[in-house]
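Take a look at the structure below.
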Number of protein chains: 2
Amino acid sequence: MNNKNKTFIDKLRSSGLRPTNQRVEISKFLFNRKKTFHFTVEELKNSMNLKRSKKISTATFYNTVHALKSAGHLKEFSLENNTSYYDTNITSHHHFFDNGKVIDIKSDKITFQKLPEAPKGKKIKNVEVVIRLENNN
Amino acid sequence: MNNKNKTFIDKLRSSGLRPTNQRVEISKFLFNRKKTFHFTVEELKNSMNLKRSKKISTATFYNTVHALKSAGHLKEFSLENNTSYYDTNITSHHHFFDNGKVIDIKSDKITFQKLPEAPKGKKIKNVEVVIRLENNN
DNA sequence: ACATACTTTAGAATAATTATAAAGTAGTTA
DNA sequence: TAACTACTTTATAATTATTCTAAAGTATGT
């Protein structure tokens, strides 16, 4: 096992998952890239399985993505189409939504002048902004 | 038809819907209340049908809610559970999310110091903030 | 009251996701 | 290394939210 795989395997182990072949490939596919990756499980499955002779099963994709998410290696978000989206950028940040397309906005691009207090007994876990876009005229 | 029903019927007509009995009852149930109402179609169906001997069908709930939403009388939003939620408060506003519970935040409770530009050829349709809450340890 | 186009409804179909249980594999132990 | 045990993978069934379909019913203009 070469060193390049180390980080992917660590993400799996810290998610409570044994690094099986399938999982290591999924983890590589997700995290071995420069830019943030936004995806649905179905999209992930299709793009990985397209190139493979031996397909990875749907259940394995769901299990792996869920475990990575629970461990905090992926972030889940929703559009208005009853599908879960995941984001490899787990730092607190914001989004443009442009007809189903999602673009990250770095956290420091948005600052607040005024924010409400949390209700009694509660505290703020995080604040996320969605800026919906439409075409110019 | 008394005057009280007028506004509910108007909402239906302006959504391109004939004011049938079922639709008028749904519209009343949704809009004849002081406070904003957040719901899923399933919740709406269950709470209305519980009291009724003659049930309104699922398809009618979906059709009516969709038409009201398309006409701008309801606003749709999503949590992370692959279900569509609707909000009778259609004014631009923000939300607290507290473990599946949703609380409105008036628009003027949040103001921005800095917001990013829209990408080229696009403009901002709206900006919505979600403040996630957790319990005070 | 008639005609017609729109509605309602039960039930089938679809899409995303979760559950099941049999066959396979990783990691430990002898 | 062999054997064991617990964890995995997989195909398939089940579930949930939603949409579709087509037959029977109703609103609305004349």
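Predicted model only: the values in this text are computed from it and were never measured. By convention in this document, chain letters (A, B, ...) are assigned in the order of the sequence lines, proteins followed by strands, and residues within each chain are numbered from 1.
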Notebook entry, point to check: Distance-only, no hydrogens or angles: does the S107(A) side chain make a donor-acceptor pair with backbone N or O of H93(A) under 3.5 Å?
Noted result: no

Notebook entry, point to check: Among side-chain atoms of S84(B) and N82(A), is any donor-acceptor pair under 3.5 angstrom?
Noted result: yes

Margin query: If we count only N and O atoms by modelled type, under 3.5 Å, do the side chains of T36(A) and D104(A) hold a donor and an acceptor together?
Written below: yes

Would you tabulate the nitrogen or oxygen pairs shorter than 3.5 Å linking the protein to nucleotides 20-27 of chain D?
residue : atom : partner : partner atom : Å
dA27(D) : N3   : R18(B)  : NH1          : 3.3

Notebook entry, point to check: Which ones in residues 73-90 of chain B lie close to DNA chain C, meaning a heavy atom under 4.0 Å from one of its atoms?
Noted result: N82(B)

Notebook entry, point to check: Do you see a donor-acceptor pair shorter than 3.5 Å between the side chains of H38(A) and N89(A)?
Noted result: no

Next item on the list: Identify whether NZ of Lys or CZ of Arg in K11(A) sits under 6.0 Å from the centre of the six-membered ring of F31(A) and within 45° of that ring's axis.
Entry: yes

Check: Just to confirm, is there a sub-4.0 Å distance from OP1 or OP2 of dT18(D) to any side-chain nitrogen or oxygen of Y62(B)?
Finding: yes

Item checked: Check: K54(B) main-chain N/O paired with R52(B) side-chain donor or acceptor under 3.5 Å -> yes

Notebook entry, point to check: Separation of F61(B) atom CZ from dT9(C) atom C1', in whole Å?
Noted result: 12 Å

Item checked: side chain to side chain contact (heavy atoms under 4.5 Å, CB included) partner of K122(A), chosen from D98(B), I131(B), N136(B) -> D98(B)

Notebook entry, point to check: Closer than 4.0 Å, any side-chain N/O of H66(A) to the OP1 or OP2 of dT18(C)?
Noted result: yes

Checklist line | Stretch residues 40-57 of chain A: residues that reach within less than 4.0 Å of DNA chain D through a heavy atom | finding: K54(A), K55(A), I56(A), S57(A)

Margin query: Whether the S14(A) and H73(A) side chains hold a donor-acceptor pair (N or O, under 3.5 Å, no angle test) is what I'd like checked.
Written below: yes

Check: Is there a donor-acceptor pair under 3.5 Å between the side chain of E25(B) and the backbone N or O of Q22(B)?
Finding: no

Note to self: For F112(B) and F112(A), take the angle between the two ring planes, folded into 0 to 90°, and tell me which bin it lands in: parallel under 30, tilted 30 to 60, perpendicular over 60.
What the structure shows: tilted

Next item on the list: Name the closest nucleotide to the T60(A) side chain, picking from dT19(D), dT9(C), dT10(D).
Entry: dT10(D)

Next item on the list: Give the rounded distance in Å between these two atoms: CZ of R23(A) and C1' of dA26(C).
Entry: 10 Å

Notebook entry, point to check: Where does the angle between the aromatic ring planes of F39(B) and F37(B) fall among parallel (under 30°), tilted (30 to 60°) and perpendicular (over 60°)?
Noted result: parallel

Notebook entry, point to check: Can you find a side chain N or O atom of Q22(B) that sits less than 4.0 Å from OP1 or OP2 on dT9(C)?
Noted result: yes

